[in-house]
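In each ligand, atom 1 is the first atom listed, and ligand 1 is the first ligand listed.
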Amino acid sequence: MGDLDFRGRQMPAWFPDAKFGVFVHWGAYSVPAWAEPTGELGAVDPEVWFAHNPYAEWYWNTSQIEGSPAHEHHRTVHGGLPYDTFLDAWKAELFDPAEWIDVFARAGARYVVVTTKHHDGIALWDAPGTGTRNTVRRGPHRDLVADLAAAVRARGLRFGVYYSGGLDWHAGRRAVIRHEDLIDECRPHDAAYAAYALRQVRDLIDRYRPDVLWNDIGWPDAGMADLPDLFAHYYATVPDGVVNDRWDGAHADYLTSEYQANRQNETAAHWEQCRGIGLSFGYNRNEGPEHLLDPAGAVRQLVDVASRGGNLLLNVGPKADGTLPGEQRTVLEGIASWMAGHGGAVYATRPLGPGAAPSDGAPWIRWTRDDRHAFAFLADVPDSARDQVVLKTRPGLLDPATAVRLDDLPVRADAVPDGILATSVALGTPLPTVLRFALL
Ligand SMILES: C[C@@H]1N[C@H](CNC(=O)c2cc3ccccc3[nH]2)[C@@H](O)[C@H](O)[C@@H]1O
């Protein structure tokens with residue numbers, strides 16, 4: 001492997017073993033906290049997406065689009081004030097980083113990735129070149145990146161940084177109105193912005209030594225030649241760090257998907273799906289329970305991703321005052337209580353592979369494995385099945401006689417012609433029941 005050729009780089013085991021990370025989108029956009037809960041990325045017509053963007057962190061852009069509900073909202077509720085007014089209104093007066101990370105750690109997250117500069121160009125540390133456009137000099141008057149890095153590491157979790165390299169609305173471009181705008185028209189590609197962004201990412205590396213370098217949208221054309229050296233510097237500084245795939249093809253330790261977008265990336269050797277607990281990354285006051293995953297839905301999202309060899313990066317959008325929205329906290333607490341008894345069937349596992357059939361219908365079935373065991377996750381067994389499920393497995397894969405339920409309740413498992421007949425109570429709950437079998 002040449003000095004600057006990272007294609008052969010070995011994936012550090014911590015990342016695929018981690019399975020579950022928490023994403024945090026917190027910024028000036030958390031003050032208006034307003035978007036239309038339109039739908040999931042990938043499921044909404046791109047022609048509709050930008051003017052009715054469900055991503056509340058896109059507030060500056062959406063509110064620039066004449067005729068959009070966000071434009072009307074900004075005019076009538078916020079008097080059409082300049083966006084940076086929200087930075088000064090952002091006080092984070094109730095922010096307690098240790099309390100956040102306690103919730104994330106109990107939910108079972110093994111890493112936390114936080115926004116350091118989103119598309120609005122406002123930095124959550126005193127980033128070089130931002131002048132007063134950061135949270136140290138205005139608004140919270142705190143280095144939020146440092147506060148969160150310290151709290152994450154105090155809990156023994158890995159810390160990652162999100163940086164919007166491809167979009168910066170302060171770099172003098174107009175609002176994104178159509179998807180094709182994201183390729184060129186609305187992205188800064190000039191040398192001055194490239195130098196600005198490079199300096200900031202190097203500063204993040206040198207100051208916080210992030211375990212994950214999570215860039216978004218892409219990288220300025222004029223800065224592409226800088227990236228091999230940047231990655232070399234990153235790996236020299238953080239030898240077991242990992243880099244995502246949103247650098248316009250320059251490099252990736254792993255691929256990403258986002259809600260329903262780019263699901264084809266979920267066939268890669270290493271991949272991570274990111275999504276909000278609801279339809280937005282930034283806190284959206286317009287989201288109700290109908291827009292959010294419930295605890296069982298979040299657990300099944302995590303199990304489904306882990307069963308296919310990926311990581312789930314589940315986003316929390318804190319309020320401007322620094323509190324976690326109650327409905328999002330409830331989901332994390334629900335994940336926590338399930339992971340407390342079942343995390344061993346998720347962490348450091350790999351897909352079981354052919355020979356055991358997952359099922360998307362009812363019952364919902366997923367599989368993982370470690371060196372010695374196969375784990376079957378069962379949910380939504382229909383009443384008509386009277387808590388009996390046939391787990392389709394090839395003969396010789398696992399030993400039905402070794403069946404154990406991870407919650408220590410009784411289970412009966414018998415070999416049947418096309419697999420294993422599992423009979424137990426509470427196989428029908430929306431939260432997965434987990435059966436462990438010894439691999440043969
Ligand atoms: C995490 C999420 N990313 C959005 C931008 N998404 C992309 O640029 C993007 C999605 C995606 C999916 C698969 C492969 C590449 C991708 N880029 C941002 O626009 C959102 O505000 C939020 O920060």
Salt bridge check: are Asp294 and Arg300 linked by an N-O gap of less than 4.0 Å?
no

Within ligand 1, which atoms have a heavy atom of Tyr162 less than 4.0 Å away?
23 (O)

Under 3.5 Å, is there a donor on one side chain and an acceptor on the other for Tyr208 and Asp143?
yes

Please work out whether any backbone atom (N, CA, C, O) or any side-chain heavy atom from C-beta onward of Asp216 is under 4.0 Å from ligand 1, and answer side chain, backbone, both or neither.
side chain

Polar-atom distance check: Asp245 versus ligand 1, any N or O pair below 3.5 Å?
no

Within 4.0 Å of some non-hydrogen atom of Tyr55, the atoms of ligand 1 are 20 (C), 21 (O)

Shortest protein heavy-atom distance from atom 6 (N) of ligand 1, along with the residue and atom involved:
Glu258 OE1, 3.1 Å

Contact atoms of ligand 1, heavy-atom distance to Phe281 under 4.0 Å
1 (C), 2 (C), 22 (C)

The option among Gln273, Arg246, His25, Gln264 carrying the non-hydrogen atom nearest to atom 9 (C) of ligand 1 is Arg246

Within the 4.0 Å heavy-atom shell around Glu57, which atoms of ligand 1 are there?
20 (C), 21 (O), 22 (C)

Charged N to carboxylate O under 4.0 angstrom, Asp240 versus Arg158?
yes

Asp120 bridged to Arg133 by N-O distance under 4.0 Å:
no

Is it true that a side-chain atom of Tyr83 and a backbone atom of Tyr29 form a donor plus acceptor pair closer than 3.5 Å?
yes

Note: ligand 1 atoms sitting under 4.0 Å from heavy atoms of Trp58 are 18 (C), 19 (O), 20 (C), 21 (O)

Separation of Asn284 CG from Trp34 CH2 (nearest 0.5 Å)
8.0 Å

Hydrogens and angles aside, do Glu266 and Gln273 bring a side-chain donor and acceptor to less than 3.5 Å of each other?
yes

Does a side chain donor of either Ser164 or His119 reach within less than 3.5 Å of an acceptor in the other side chain?
yes

Say whether Asn265, considering both its backbone and side-chain N or O atoms, lies within less than 3.5 Å of an N or O atom on ligand 1.
no

Do any nitrogen or oxygen atoms of His118 lie less than 3.5 angstrom from nitrogen or oxygen atoms of ligand 1?
yes

Taking the six-membered ring of Trp14, is NZ or CZ of Arg110 closer than 6.0 Å to its centre and within 45° of its axis?
no

For Phe23, counting its heavy atoms only, list the atoms of ligand 1 lying under 4.0 Å from any of them.
1 (C)

For His119, the ligand 1 atoms with a heavy-atom partner under 4.0 Å come out as 18 (C), 19 (O), 21 (O)

